[in-house]
Amino acid sequence: MALLVVGSVAYDGVETPHGKVDRMLGGAGTYISLAASHFAEVKLVGVVGEDFAAEDEQLLADHGVDLEGLEKMPGKTFFWRGAYSHDMNERTTLTTQLNVFADFNPKLPASYQETPYSFLGNIHPNLQRQVRDQIASPRFVGGDTMNFWIEGTPDELAAAIEQWDFILINDSEARLLAGEYNLLSAARKIQEMGPQTVVIKRGEYGAILFRPEGYFIAPGFLLQTVFDPTGAGDSFAGGFMGYLTEQGIESLDDASHAHLRKAMIYGSVMGSFCCERFGVEKLRNLTRDDIERRYREFKAFTEF
């Protein structure tokens, strides 16, 4: 079982109350791939520039990520810089340099086109739709989006997510997409758009899974120190999709609610690890034993 991941591979500069890093490996595709690699084979589609370091490529390869779909182009790799507020709930974008990502036109290698599971990271909805059309026989497809696409390309986004089985967005994005403030109402409205499995991220407060038959609330994992929340949502996506891929789920409609609940907790586990260090540093040397130990902690503090 393999998971196709499409998204940005980038460099980030981050400032938080705990420090500052001028340049580190980042990008949605990177976080999703590293998190999911602990559960399943990952095939990554993205683009980088000539400045993409060999050691960063090696990190992905060492985690078993298939890089045949990682295109290298003349120019510089996508770069983003941001600063977080004291409580980490707000961030300000200081710099966005699309560089080679501006011309990203994802094309799946032939060896990727039969991949049964796919997650389409936060890119232009038309590109997400193009990728979906290249997949021969998907079992299920998930995707992410953001305010920029919700407000700027609503028709293109509607056409894209109509084909998705699963959508992962944060609470403000869900409200904006649905035009509903209440999250239950927003989730139901989004389900009418296509994806029957809706996961709404709520930052430090956890995440909520919505299905037609009901919903499940997963708390956030209490960390003593949050160094850097960059990539936490993407790491959640990697844990969620990675676990379901590992289980060989035929479709999300056929998945048991128990499997979906476990996927939520594994997503929360991976997101919590991500926050403990800057960038991908915590994910770099993480083991499956570490993941299972924290999974058991989640289970212990939510049982009653």
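Residue indices begin at 1 and follow the sequence shown.
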Can you tell me how far apart CZ (Phe39) and CG (Leu3) are? Round to the nearest 0.5 Å.
11.5 Å
Between Glu246 and Arg288, is there a salt bridge with N-O shorter than 4.0 Å?
yes
Distance from Ser185 atom OG to Arg175 atom CZ, nearest 0.5 Å?
10.5 Å
So does Lys189 have more than 12 non-hydrogen atoms from other groups sitting under 6.0 Å from NZ?
yes
Contact check, side chains of Tyr112 and Val45, non-hydrogen atoms, under 4.5 Å:
yes
Report yes or no: do Asp56 and Tyr11 form a side-chain donor-acceptor pair below 3.5 Å?
yes
Keeping the roles fixed (side chain from Asp12, backbone from Val14), state whether a donor-acceptor pair exists under 3.5 Å.
no
Once rounded to the nearest 0.5 Å, what's the spacing between atom CZ of Arg277 and atom NE2 of His18?
11.5 Å
Mind checking whether Gln128 and Ile161 have side chains closer than 4.5 Å, heavy atoms only?
no
Summary of side chain to side chain donor-acceptor pair (under 3.5 Å) pairs that have at least one residue in residues 207-224, sequence neighbours excluded
Thr197-Arg211, Arg211-Glu213, Arg211-Asp253
Please list every donor-acceptor pair under 3.5 Å in which a side-chain atom of residues 23-34 meets a protein atom from a residue at least two apart or in another chain.
from: Arg23; atom 1: NH2; to: Asp51; atom 2: OD2; distance (Å): 3.0
from: Thr30; atom 1: OG1; to: Gly26; atom 2: O; distance (Å): 2.8
from: Ser33; atom 1: OG; to: Gly29; atom 2: O; distance (Å): 2.7

Could you tell me whether Glu292 and Arg294 have a side-chain N and a carboxylate O separated by less than 4.0 Å?
no
Would Glu57 and Lys72 pass as an ion pair if we require N to O under 4.0 Å?
yes
Is the centre of the Phe240 ring less than 6.0 Å from the centre of the Tyr243 ring?
no
Looking at Phe301, I want to see if its CZ is surrounded by more than 12 non-hydrogen atoms of other residues, nucleotides or ligands under 6.0 Å.
yes
Between Arg284 and Glu281 (salt bridge meaning N to carboxylate O under 4.0 Å), is one present in this structure?
yes
Heavy atoms from other residues, nucleotides or ligands near CD of Glu297 exceed 12 (cutoff 6.0 Å):
yes
Can you see whether Glu276 engages Thr225 through a side-chain donor-acceptor pair at a distance of less than 3.5 angstrom?
no
Any side-chain heavy-atom pair of Leu168 and Phe236 under 4.5 Å:
yes
Under 3.5 Å: donor-acceptor pair, side chain of Glu50, backbone of Gly75:
yes
Testing the 3.5 Å rule here: is there a donor-acceptor pair between the side chains of Asn147 and Glu151?
no
Is the closest side-chain donor-acceptor distance between Asn170 and Ser172 under 3.5 Å?
yes
Could you tell me whether Tyr266 and Tyr295 have their ring centroids closer than 6.0 angstrom?
yes
Restricting to side-chain contact (heavy atoms from CB on, under 4.5 Å), what partner residues turn up for Ala40, sequence neighbours left out?
Thr245
Report yes or no: does Asp254 contribute a side-chain atom to a donor-acceptor pair with the main-chain N or O of Ser251 at less than 3.5 Å?
no
Ignoring hydrogens and geometry, is there a side-chain-to-backbone donor-acceptor pair from His124 to Asn126 under 3.5 Å?
yes
When rounded to the nearest 0.5 angstrom, what distance separates OG1 in Thr92 from CZ in Arg81?
13.5 Å
Residue pair Met193 / Glu162, side-chain heavy-atom distance below 4.5 Å
no
Are more than 12 heavy atoms from other residues, nucleotides or ligands located less than 6.0 Å from atom CD of Glu55?
yes
If we ignore hydrogens and angles and just use 3.5 Å, is the side chain of Gln196 paired with the main-chain N or O of Gln191 as donor and acceptor?
yes
Stepwise ring pair (Phe, Tyr, Trp, His ring centres under 6.0 Å) test for Phe298 and Phe221:
CA-CA 7 Å; Phe298 255 101; Phe221 189 85; 5.3 Å; yes
May I ask you to decide if Asp290's main-chain N or O and Thr287's side chain share a donor-acceptor pair within less than 3.5 Å?
yes
For the aromatic rings, using the six-membered ring if either is Trp, is the centroid distance between Tyr117 and Phe140 under 6.0 Å?
yes
Give a yes or no on whether the backbone of Val141 and the side-chain of Asp165 come within a donor-acceptor separation of less than 3.5 Å.
yes
Have Trp80 and Thr95 got a donor and an acceptor in their side chains that come within less than 3.5 Å?
no
Return yes if some donor-acceptor pair links the side-chain N/O of Gln134 with the main-chain N/O of Pro106 below 3.5 Å, else return no.
yes
